[in-house]
Amino acid sequence: MTKRKVLLLDGNSLAYRAFFALPLLTNDQGVHTNAVYGFAMMLQKILEEEKPTHMLVAWDAGKTTFRHETFKEYKGGRQKTPPELSEQFPYLRKMLDAYQIRQYELESYEADDIIGTLSREAGKDGAETVVISGDKDLTQLASGDVTVFITRKGITDIERYTPEHVMEKYGLSPEQIIDMKGLMGDSSDNIPGVPGVGEKTAIKLLKQFGTVEGVYEGLDQVSGKKLKEKLEENEELAKMSKQLATINTASPVEVKIDDLSYGGPDKDEIVKIFQELNFKTLLEKVDAPVAATEPLEDFECPVVSAAPVSLLTDGVAIHLELAGEQYHTAEILGLALSDGEETVFIPAGDVKADERLCSWLSDESNAKWCTDSKAALAALTRLGVEAEGIGFDLLLAAYIANPSVSLTDTASIAREFGWTGIPTDESVYGKGARKAIPDETAVAAHAGRKAFAVSKLRAVAEDKLKANEQDGLYRELELPLASILGKMEAIGVKADRDTLLGIGEDLSGKLEAIEREIHEIAGETFNINSTKQLGSVLFEKLGLPAVKKTKTGYSTAADVLEKLEGRHEIIRHILDYRQLGKLNSTYIEGLLKEIHPDGKIHTYYQQALTQTGRLSSTNPNLQNIPVRIEEGRKIRKAFVPSEPGWMMFAADYSQIELRVLAHMSGDERLIEAFREGADIHTRTASDVFHVAPDEVTSDMRRAAKAVNFGIVYGISDYGLSQSLNISRKEAGEFIDRYLASFPGVKAYMDNGVAEARKTGYVTTMLNRRRYLPDITSSNFNLRSFAERTAMNTPIQGTAADIIKKAMIMMDDRLEKENLQARMLLQVHDELIFECPEEEIAVLEKVVPEVMESALELNVPLKVESASGPTWYDTK
DNA sequence: TTTGTCACG
DNA sequence: ACGTACGTGACAAAC
């Protein structure tokens with residue numbers, strides 16, 4: 001039988017939360033609806049995620065409770081409930097009736113007490129309980145069987161308090177939350193506490209003494225004379241406050257858990273009330289099918305040494321379980337297989353020996369489904385199996401469906417498609433110092449659940465992608481790209497240790513000299529890398545003016561220091577020290593640590609991370625190797641071909657983002673400029689300043705270049721003024737003149753923002769999506785950010801689409817032309833290869849040809865290439 | 001772990 | 001009046 005899952009909701013608290021979190025919405029009758037709407041959104045999400053078997057919404061009843069007998073000012077001084085909220089309670093009740101959720105209130109008790117009592121009863125029955133409230137006080141109810149969900153910021157954003165989470169957050173057990181309230185009080189409930197004791201002191205005391213009573217028994221040992229006096233004077237107050245804060249878990253509640261069974265909403269009634277309140281999005285949601293989560297309580301995943309033949313067929317989920325994220329080196333634990341009925345786990349050591357399994361894995365005609373195919377293929381390669389025929393990748397599907405969710409493990413990915421039946425990696429392996437691999441049965445069960453979920457979710461995910469017309473993006477772009485990136489990671493790029501060491505020695509020498517110089521000028525030795533110490537030397541000892549502050553002290557960032565450069569010689573040295581220090585620690589020492597025994601660096605490309613569709617590179621990041629300053633650029637001399645007689649070859653798109661902008665906006669002037677092959681910054685300057693192209697000065701060109709950048713980023717006058725070091729007014733004038741010169745661009749930006757406001761998302765040319773919920777926010781900052789993002793993401797994202805497509809075509813082309821050349825790296829708008837010297841001539845023709853034809857725009861794409869013995873020389 | 005800083009496109 | 005250019009990752013210091 002399925003384990004029971006009881007959801008207990010704190011009605012009043014959630015209604016208040018929803019009311020204050022959302023703007024004042026009304027229906028066409030003028031009735032305020034924001035609290036009902038927020039409540040419904042939250043309810044919908046919780047129902048999907050938690051799949052409860054039993055539910056109850058508890059309400060506060062009446063004005064006075066048993067707590068008022070102890071303290072008549074309890075909850076005194078509270079603001080009256082706003083009438084805009086009061087009028088919503090009848091609708092809330094009606095809506096909950098339509099959901100067929102039991103509601104309950106009890107004279108002279110609060111909702112907390114009802115919930116506390118029922119949660120204990122449910123625990124006795126062996127049920128799993130979730131308590132949901134906007135009030136942190138309820139975290140005292142957390143226990144082995146009870147998780148407390150507290151809404152954060154908005155209304156659907158939830159923080160989950162298990163006893164472990166309470167401990168993490170406060171360093172206290174859930175029961176001690178009551179003691180904490182007793183000591184510190186609670187102004188919202190008018191609970192006094194001990195005057196002068198806040199959260200910090202309360203926690204400190206409780207860590208030492210355990211409880212309020214313990215504090216008074218050990219009063220002699222309390223450190224601090226003042227504190228001791230305060231505690232002594234207010235003993236009664238503290239004890240009464242604790243009593244007030246304690247949730248009564250033995251209230252005379254008349255309903256039993258069995259009375260709460262939840263069988264889903266009355267759809268017709270729900271539709272009626274949503275229509276009455278004009279809840280459009282919610283109406284769509286109630287009709288939408290939800291992925292079924294099958295109970296995984298009785299889940300079985302035997303550990304076997306060979307795969308059953310029944311599972312070696314077309315359309316089976318595989319999952320490689322690894323003891324860490326870095327799949328090039330992490331221990332491989334084993335392989336789980338699941339067809340949604342039967343699930344097994346094969347320990348890593350037995351995989352290679354199972355010949356039938358291996359030939360199934362390398363048989364392209366048998367589709368394998370998985371999460372993170374790139375990692376799975378890499379792990380299988382390490383086990384000696386070259387797998388083929390990946391038919392589905394849950395990670396990529398989830399990322400395409402919505403890039404904004406953090407897809408850290410299969411549990412979080414599956415949750416995106418409504419599946420909550422698998423535990424997180426963290427809950428199985430632990431985290432930080434307590435991280436460990438559990439016994440094989442537990443690993444098998446965990447890996448098995450993941451494979452099982454993939455098997456069940458494939459159809460749901462693919463349907464969703466098809467519904468949003470993203471199937472092509474997923475199947476033809478991201479899925480094949482995953483294998484190509486995997487290949488690039490596995491090949492790696494050779495790094496010459498001696499070159500790095502040589503540059504490192506040079507840097508260390510210079511750093512020492514500069515450090516001595518700085519200390520001498522300052523008249524003291526201090527840690528230049530410490531912003532705190534540096535700030536006190538510059539702005540206190542030397543008396544330089546502090547232009548900008550951070551929330552922890554003075555800002556010493558480069559742009560701030562540059563403004564002070566004329567005022568003191570020490571500044572130049574500090575800027576130099578910073579620059580060289582960065583090179584040494586990140587690029588010399590950092591990269592040396594990443595060279596594998598094969599002499600190569602194997603980065604990891606994150607394919608499901610960025611909000612725009614770009615890749616990112618980690619461990620190490622090979623997308624930010626210095627280039628702008630010569631001293632740093634020399635690092636690139638260490639990146640060399642891996643075979644004797646080979647060369648490095650690099651090709652980059654010229655102005656890809658502005659070309660994309662020209663295409664997407666259809667602006668005639670911009671299109672014309674690119675078709676004529678003009679220098680785009682000079683042409684922009686000529687248009688903006690109304691001078692002939694040959695009269696454009698270098699300053700004008702520089703300003704135009706900054707404006708072009710600004711346009712791509714979603715321009716703001718402030719941003720431009722910072723980058724050009726001019727006044728905000730002047731920057732604003734530049735922008736106006738630009739937009740007047742390129743009216744198509746202005747129209748495109750305005751339309752993009754309007755469209756995003758209407759649909760809630762923006763798209764790229766290949767239909768990549770980014771949702772921008774903040775675009776309708778009443779918070780200026782959030783809204784402005786979303787608006788700039790709405791302008792930037794289609795451009796940056798389309799550029800990412802283009803190079804990804806080029807990579808797929810390139811991989812194909814290298815094979816077709818029988819070239820030995822290997823694609824090694826991608827740096828957003830450039831591709832880096834290594835190849836035999838005699839292939840350079842071919843690459844010089846083929847690579848630009850492929851990259852330029854990746855996607856047809858109404859302006860040409862232009863690619864520049866270069867080759868040389870090291871990456872440094874490809875310029 | 002979070003913050004400030006700085007490397008890249 | 002708001003406080004920002006867009007997208008990333010790594011390191012050192014300080015908590």
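So you know, we letter chains A, B, ... as the sequences are listed, proteins then strands, and number each from 1.
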Do [X] and [Y] sit within salt-bridge range, that is, some charged N less than 4.0 Å from a carboxylate O?
X	Y	answer
A:Lys541	A:Glu524	yes
A:Asp774	A:Arg783	no
A:Glu562	A:Arg572	no
A:Glu589	A:Lys593	no

[X] has a side chain; which of [options] sits nearest to it?
X	options	value
A:Ser716	C:dA5, C:dA12, C:dG9	C:dA5
A:Asn619	C:dA10, C:dA13, B:dT5	C:dA10
A:Pro626	B:dT5, B:dG9, B:dC8	B:dC8
A:Ala558	C:dT4, C:dG7, B:dC6	B:dC6
A:Asn624	C:dG9, B:dG9, C:dT4	C:dG9
A:Gln533	B:dG9, C:dA14, C:dC6	C:dA14
A:Asn529	C:dA13, C:dG9, C:dC6	C:dA13
A:Ser530	B:dC8, C:dA14, B:dT5	C:dA14
A:Lys582	B:dG9, C:dA10, C:dA14	C:dA10
A:Asp829	B:dT5, B:dG9, C:dA5	B:dG9

Sugar-phosphate, base or nothing in reach of [X], heavy atoms under 4.0 Å:
X	value
A:Asn779	nothing
A:Gly590	sugar-phosphate
A:Arg578	sugar-phosphate
A:Glu657	nothing
A:Val827	sugar-phosphate
A:Ser723	base
A:Ser784	nothing
A:Ala800	nothing
A:Gln579	sugar-phosphate
A:Leu609	sugar-phosphate
A:Ala790	nothing
A:Leu583	nothing

Base-pairing mate for C:dC2 - Watson-Crick or G-U, with both contacts under 3.5 Å
none
For C:dA13, give its Watson-Crick or G-U wobble partner with both distances under 3.5 Å, or none.
B:dT2
Does the ring of A:Tyr718 meet both stacking tests against the six-membered base ring of C:dT4: centre distance under 5.5 Å and plane angle under 30°?
yes
Are the ring of A:Phe780 and the six-membered base ring of C:dC2 within the stacking cut-offs of under 5.5 Å and under 30°?
no
Would you indicate, yes or no, if [N] has its OP1 or OP2 atom less than 4.0 angstrom from a side-chain nitrogen or oxygen of [X]?
X	N	value
A:Thr552	B:dG4	yes
A:Thr531	C:dA13	no
A:Arg628	B:dC8	yes
A:Arg633	B:dA7	no
A:Thr793	C:dG7	no
A:Arg788	C:dA5	no
A:Asn621	C:dT8	no

Given the C1' atoms of C:dC2 and B:dA7, what is the spacing between them in whole Å?
31 Å
How far, in whole Å, is B:dC6 from C:dA5 if one measures between their P atoms?
14 Å
Does the base of C:dG7 carry an N or O that pairs as donor and acceptor with the side chain of A:Arg770 under 3.5 Å?
no
Cation-aromatic face contact A:Lys875/A:Tyr872, 6.0 Å, 45 degrees
yes
Looking at A:Tyr718, does the NZ or CZ of A:Arg728 lie under 6.0 angstrom from its six-membered ring centre and within 45 degrees of the ring axis?
no
What's the separation between atom CD1 in A:Ile803 and atom CG in A:Leu481, rounded to the nearest 0.5 Å?
10.0 Å
Less than 6.0 Å separating the ring centroids of A:Tyr738 and A:Phe742?
yes
